[in-house]
Amino acid sequence: MVMVRISDDALAIACGADAVADAFARAGATVERVSSWGMQWLEPLVEIDGKGFGPATADDVAAILDGSSPLGIGVIAEHPFIAKQQRLTFARAGKTRPTELADYEATGGWKGLARAREIGAEATVEEVVASGLRGRGGAGFPTGIKWRTVAAAVADQKYIVCNADEGDSATFADRMLMEGDPYCLIEGMAIAGLATGATKGYIYVRSEYPHAIAKLEEAIRRSAHLVAPFVLEVRVGAGAYVCGEETSLLNSLEGKRGEVRAKPPIPALVGLFGKPTIVNNVLSLAAVPYILAKGAKAYADYGMGRSRGTMPIQLAGNIKHGGLYETAFGITLGQLVNEIGGGTDDGSPVKAAQVGGPLGAYLHPDQFDIPFDYEAYAAVDALIGHGGITVFGEGADMAGMARFAMEFCAAESCGKCTPCRIGSVRGKELIDRIMARVPRQRDTLEGLPQMHNAPTAPRSLEDEIVLLEDLCETMKFGSLCALGGFTPYPVMSALKHWPEDFGARQSLPEAAE
Amino acid sequence: MRDAKADRLDEIIASHSRREGPLLPILHDVQAEFGCVDEASKRQIALALNLSRAEVHGVVSFYHDFTAEPKAAPVLKLCRAESCKARGVEALVDGAVAAASERVKIETIYCLGLCSVGPNAMIGNAVHARLDAPKLEKLIREIA
């Protein structure tokens, strides 16, 4: 009897994994559904005795079984894409059945929680501080410091909230972790609860991830006795991108409109239902079991500068070898896009890479020597965010992408602050006029005698661009949260590096600075 | 003047009574069961949770997942976020809308988390990847 392993990750299923699994079962093989290795261009990836075949369809089953299939990639664990990674958070990817408790235990599960129970709350917090772990959701705030604040707060109830509202395009590491290794997240949250005195945890998952929701609910049910007295609950979002912002997420959890709250007070002190609350990203919490089990130093030995540990990087968009690549900080963007990612999928030259989701800057191939590090990205007006990279080929229209950034912000703004709510609408109109090369004309109101201070000439294209820069400045510094505050990054970087796409002369004034 | 729907709504509300902040889970269930959150439901939920009708309405209208009226046609959600744009989804939109005509509604969604194998679409809870024009049109044709 042949044992076949096929992923039941949403991406594999979307690529037809269920049909392949059925075909193997009909052919008499035993099929085991496991998590995904993260080599997404090969999904559905079939594993037999450690060797991989992909991307497979039901029609390939007979050939794979009789050994004549040309889809073979050799031993999966030795594939260059996998072998070169440093997988700490995704150590189990591809290897275990996601909701099987026995598989989790057999691969070192629950050791972090056991050690946390042994060394106690205070030492657990200090271990996370010493690991140098920073928030993987995008802000990069030191996780241990947040934990310390909540641990020190005095309250009758505290909460652990896991931000699983992974709305950024090019990010799927949260989804893969929740679908592929849900107990790792549960263990991380239980450790956070123990460290800070919180007894209740919420995982706020976006409604676009039904597979992750189902896996989590099953895993929570099956592991309840192991994490008790800590109690966990999944809450499902309702299609609002802004709810990935932590204060908006808290409002949503409370059953309110997902509007952003002003900070201070910080959620660590006044969070969910007004109680001290840790809000951490899935990847931050999932990194914790390793840190506790292996010690802070083992984790901090990876990385560069103040960016310690590993980052699950997500390669997406027009890329040949897309997928999940976990590695220590410090790797360059060029290595990620060209060497590991293999360049574009359609074979055209790489035109741009957007790092950090819809709110991240577009980076030009000239900048591809930049190392993956929070500070290095901030220094060039970019951000690594949640570690998602979208690659664009020659055909990309960067003015169109800048316009889309504004359009997206307008669609998803919570409406609380003016720079974001109105700025994004005006920004879209401005870019429309720039792209159409029809600057704004004087309107009738400006012709009135009372308006004698209004400019008498219609705007030039240069005026419009200056105005766009001005607007971006206002949004960047005047918005309450990152949605309005970071939308200028993709807009300004597109304008700066690809002025020709905006129909402007090459000698456009240096943007933004 | 109670009808069966009001009774069922009471059951849904009661099933979430032990939760903290139960409004969103209730609205999800109502949307799933009745296809929308209508005016009568909003009032009944508001009464049960000791909220104003305006507060419930504010929440319903804020989130994309909740609708005040039932959808007239089955929905295909097509991802048009950056990664799917980079993989050419925009070239598929006109064809999809034409193939859908009145029978199916094409909605835009931003990201399904399948960003290296786009363009992607979602029908109900089922996800579909690596779409091109023929595959997308086939999907639209097959929607019941």
Side-chain angles (χ1 to χ4, degrees), chain A residues 10-11 13-15 40-41 43 166-172 174-176 200 207-211 233 235-241 252-259 272-273 314-319 321-323 345-346 354 357-358 388 390-393 395-396 400-401 404 408 411-412 414, chain B residues 16 18-29 31-32 37 45 49 51 55-67 77 79-91 107-118 120-122 124-131 135:
Chain A
L11 184 135
I13 291 173
C15 293
Q40 299 177 337
W41 75 99
E43 292 288 4
E166 184 181 52
D168 286 353
S169 182
T171 61
F172 43 77
D174 292 359
R175 180 185 62 70
M176 282 184 65
K200 173 96 201 186
S207 60
E208 291 86 345
Y209 284 177
H211 303 84
E233 189 179 328
R235 281 296 173 91
V236 181
Y241 172 78
S252 186
L253 267 179
E254 290 181 9
K256 298 175 184 157
R257 293 164 68 88
E259 281 181 358
L272 188 60
F273 302 109
Q314 300 127 83
L315 302 172
N318 188 351
I319 191 162
H321 299 154
D345 197 24
D346 64 7
Q354 184 180 32
T390 307
V391 177
F392 290 82
M401 295 314 296
F404 175 67
F408 182 75
E412 297 296 336
C414 83
Chain B
H16 295 290
R18 295 180 59 179
R19 290 184 197 264
E20 304 172 298
L23 184 52
L24 255 66
I26 291 173
L27 292 177
H28 270 300
D29 282 0
Q31 178 78 35
V37 184
I45 293 166
L49 299 186
L51 296 169
E55 283 169 307
V56 177
H57 173 76
V59 173
V60 172
S61 60
F62 183 88
Y63 296 97
H64 299 303
D65 284 3
F66 306 134
T67 53
K77 293 176 181 170
C79 176
R80 292 172 73 180
E82 283 84 351
S83 293
C84 283
K85 278 191 200 296
R87 298 183 65 86
V89 69
E90 292 304 313
E107 284 184 3
T108 296
I109 194 169
Y110 294 121
C111 201
L112 295 166
L114 317 169
C115 310
S116 63
V117 290
N120 305 312
M122 189 177 203
N125 278 346
V127 279
H128 303 271
R130 294 187 184 134
L131 298 174
K135 278 191 201 162

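No hydrogens, no waters, no symmetry mates; every other heavy atom, side chains included, goes into these values. Naming convention: chains lettered A, B, ... in sequence-line order (proteins, then strands); numbering from 1 in each chain.
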[X] versus chain B, the contacting section by heavy-atom distance below 4.5 Å:
X        : answer
A:Leu253 : backbone
A:His211 : side chain
A:Ala396 : neither
A:Asp168 : backbone

Contact winner vs chain B - [options], heavy-atom pairs under 4.5 Å:
options                                : answer
A:Phe172, A:Phe404, A:Phe392           : A:Phe404
A:Gly167, A:Cys15, A:Gly258, A:Gly255  : A:Gly258
A:Glu166, A:Glu412, A:Gln314           : A:Glu412
A:Arg235, A:Glu254, A:Gln354           : A:Arg235
A:Ile319, A:Val236, A:Asp174, A:Thr171 : A:Val236
A:Ala10, A:Ala14, A:Gly322             : A:Ala14

Find out whether [X] and [Y] are in side-chain contact, i.e. whether some heavy atom of one side chain is under 4.5 Å from a heavy atom of the other.
X        : Y        : answer
A:Glu259 : B:Phe62  : yes
A:Arg175 : B:Leu114 : yes
A:Ser252 : B:Tyr63  : yes
B:Val117 : A:Glu43  : no

(request) For this output row, return yes or no: ring centroids of B:Tyr110 and A:Tyr241 closer than 6.0 angstrom. (result) no

(message) Once rounded to the nearest 0.5 Å, what's the spacing between atom CE of B:Met122 and atom OH of A:Tyr209?
(response) 10.0 Å

(request) Look up atom OG in A:Ser207 and atom CG in B:Leu24, then write down how far apart they are to the nearest 0.5 Å. (result) 9.5 Å

(request) Mind ranking B:Lys77, B:Glu55, B:Glu20, B:Glu90 by heavy-atom pairs under 4.5 Å with chain A and telling me who comes out on top? (result) B:Glu20

(request) Taking only Lys NZ, Arg NE, NH1 and NH2, and the carboxylate oxygens of Asp or Glu, determine whether A:Glu233 and B:Arg19 approach each other closer than 4.0 Å. (result) yes

(message) Does any backbone or side-chain atom of B:Ile26 lie under 4.5 Å from a heavy atom of chain A? Answer side chain, backbone, both or neither.
(response)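 For B:Ile26, no heavy atom lies under 4.5 Å from chain A.
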
(message) Looking at every heavy atom in both A:Gly239 and B:Asp65, which two are closest together, and how far apart are they?
(response) N-OD2, 3.5 Å

(message) For B:His28 versus A:Ala238, what's the shortest heavy-atom pair and its separation?
(response) NE2-CB, 4.0 Å

(message) Donor-acceptor pair, distance only, cut-off 3.5 Å: does the side chain of A:Arg257 make one with the backbone of B:Val59?
(response) no

(message) If we ignore hydrogens and angles and just use 3.5 Å, is the side chain of A:Ser169 paired with the main-chain N or O of B:Ser83 as donor and acceptor?
(response)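 Checked: pair present.
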
(message) Checking side-chain polar atoms at under 3.5 Å, does A:Gln40 have a donor or acceptor matched by the opposite partner on B:Ser116?
(response) yes

